[in-house]
**Q** 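Before we start, here is the structure in question, set down as structure tokens.
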Amino acid sequence: MATEQTYIMVKPDGVQRGLVGEIIKRFETRGFQLVALKMVHASVEHLEEHYKDLKGKGFFPGLIKYMNSGPVVAMVWQGKDVVKQGRVLLGATNPLASAPGTIRGDFAIDVGRNICHGSDSVESAKAEIALWFGQDGTISYSRAVDAWIYEVS
Ligand code: UDP
Ligand code: MG
């Protein structure tokens, strides 16, 4: 069975707006498996590391300030093709370009308040999981329901 993992995060606006359960629900009901979760008020340094590829962009200082403005919910979700599918569940970076039915398309308007993060590749997922869950790691456990989600589990 696929063990691909992705890093999904409810951003400070998602937490403040009471959308944690809604976002978890979308991944849970799709059939993906939650293998790590914690709440954290991340430091500026930690956030600059997370978004290091965007350093130099005009929106970078505002992005770090936004992400440091309150706690986030950090999660690792596991399952077949979960990195790509996670991005599909989230919607486009700019919520105005996100289809209804996606998280951003249903709950957000501005790009700088787009309520959630998802890794954009298997490689960046590995780096992000290491950054946010390095010491804690993820939990490995079997689910009886997998036989009803995957043809072969
Ligand atoms: N962002 C922004 N303005 C932009 C582009 C991005 O404020 O013009 C923020 C937005 O919150 C986005 C984050 O920076 O989610 C990271 O940008 P990226 O291009 O990695 O988008 P994502 O992977 O989150 O869809
Ligand atoms: Mg990104």
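Ligands are counted one by one from 1 in listed order, and the atoms in each one are counted from 1 as well.
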**Q** Identify the protein heavy atom lying closest to atom 10 (C) of ligand 1, giving its residue, its atom name and the separation to 0.1 Å.
**A**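 For atom 10 (C) of ligand 1, the nearest protein heavy atom is Val111 O, 3.3 Å.
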
**Q** Does Arg104 approach ligand 1 within less than 4.0 angstrom via side chain, backbone, both or neither, non-hydrogen atoms only?
**A**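 Contact part for Arg104 vs ligand 1: side chain (C-beta onward).
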
**Q** Please confirm whether Lys11 comes under 4.0 Å of ligand 1, counting heavy atoms of the residue only.
**A**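 In this structure, Lys11 qualifies as a contact of ligand 1 - some heavy atom is under 4.0 Å.
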
**Q** So is Arg87 in contact with ligand 1, going by heavy-atom distances below 4.0 Å?
**A** yes

**Q** Among protein heavy atoms, which sits nearest to atom 7 (O) of ligand 1, and what does the distance come to when rounded to 0.1 Å?
**A** Gly112 CA, 3.7 Å

**Q** Without swapping roles, check the side chain of Asn68 against the backbone of Ala42 for a donor-acceptor pair under 3.5 Å.
**A** yes

**Q** Does Tyr66, backbone or side chain, put an N or O under 3.5 Å from an N or O of ligand 1?
**A** no

**Q** Treating Ile, Leu, Val, Met, Phe, Trp and Tyr as nodes and any side-chain heavy-atom pair under 4.5 angstrom as an edge, say whether Leu47 and Val111 lie in one connected cluster.
**A**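 No; Val111 is not reachable from Leu47 via cluster members.
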
**Q** If you count the atoms of ligand 1 from 1 in the order shown, which ones are under 4.0 Å from a heavy atom of Tyr51?
**A**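 Listed by number with element: 16 (C).
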
**Q** Just say parallel, tilted or perpendicular for the rings of Trp132 and His46, cut-offs at 30° and 60°.
**A**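 If you compare the ring of Trp132 with that of His46, the planes turn out perpendicular.
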
**Q** Check Leu63 against ligand 1 and report side chain, backbone, both or neither, counting heavy atoms closer than 4.0 Å.
**A** side chain

**Q** Heavy atom under 4.0 Å from ligand 1: found in Lys57's side chain, backbone, both, or neither?
**A** neither

**Q** Do the side chains of Glu28 and Lys25 get close enough for a salt bridge, i.e. N-O under 4.0 angstrom?
**A** no

**Q** If hydrophobic clusters are built by linking Ile, Leu, Val, Met, Phe, Trp and Tyr wherever their side-chain heavy atoms come under 4.5 Å apart, do Val145 and Val35 end up in the same one?
**A** no

**Q** Less than 4.5 Å apart, side chain to side chain, heavy atoms only: is that true for Asp13 and Phe107?
**A**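 The answer is no; the side chains never approach within 4.5 Å.
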
**Q** Starting from atom 2 (C) of ligand 1, find the nearest protein heavy-atom neighbour and note its residue, name and distance.
**A** Phe59 CD1, 3.5 Å

**Q** Are Lys38 and Phe133 in a cation-pi setup, meaning NZ or CZ lies under 6.0 angstrom from the ring centre and within 45 degrees of the ring axis?
**A** yes

**Q** Decide whether the shortest distance between a heavy atom of Asp120 and an atom of ligand 1 is less than 4.0 Å.
**A** no

**Q** For Met39, which of Val15, Val72, Val20 qualifies under side-chain contact (heavy atoms from CB on, under 4.5 Å)?
**A** Val15

**Q** CD1 of Ile139: more than 12 outside heavy atoms within 6.0 angstrom?
**A** no

**Q** Looking at ligand 1, does any of its N/O atoms fall within less than 3.5 Å of an N/O of Leu54?
**A** no

**Q** If we only count N/O pairs under 3.5 Å, is Thr93 in contact with ligand 1?
**A** yes

**Q** For atom 12 (C) of ligand 1, grab the closest protein heavy atom and report residue, atom and distance to one decimal in Å.
**A** Asn114 ND2, 3.6 Å

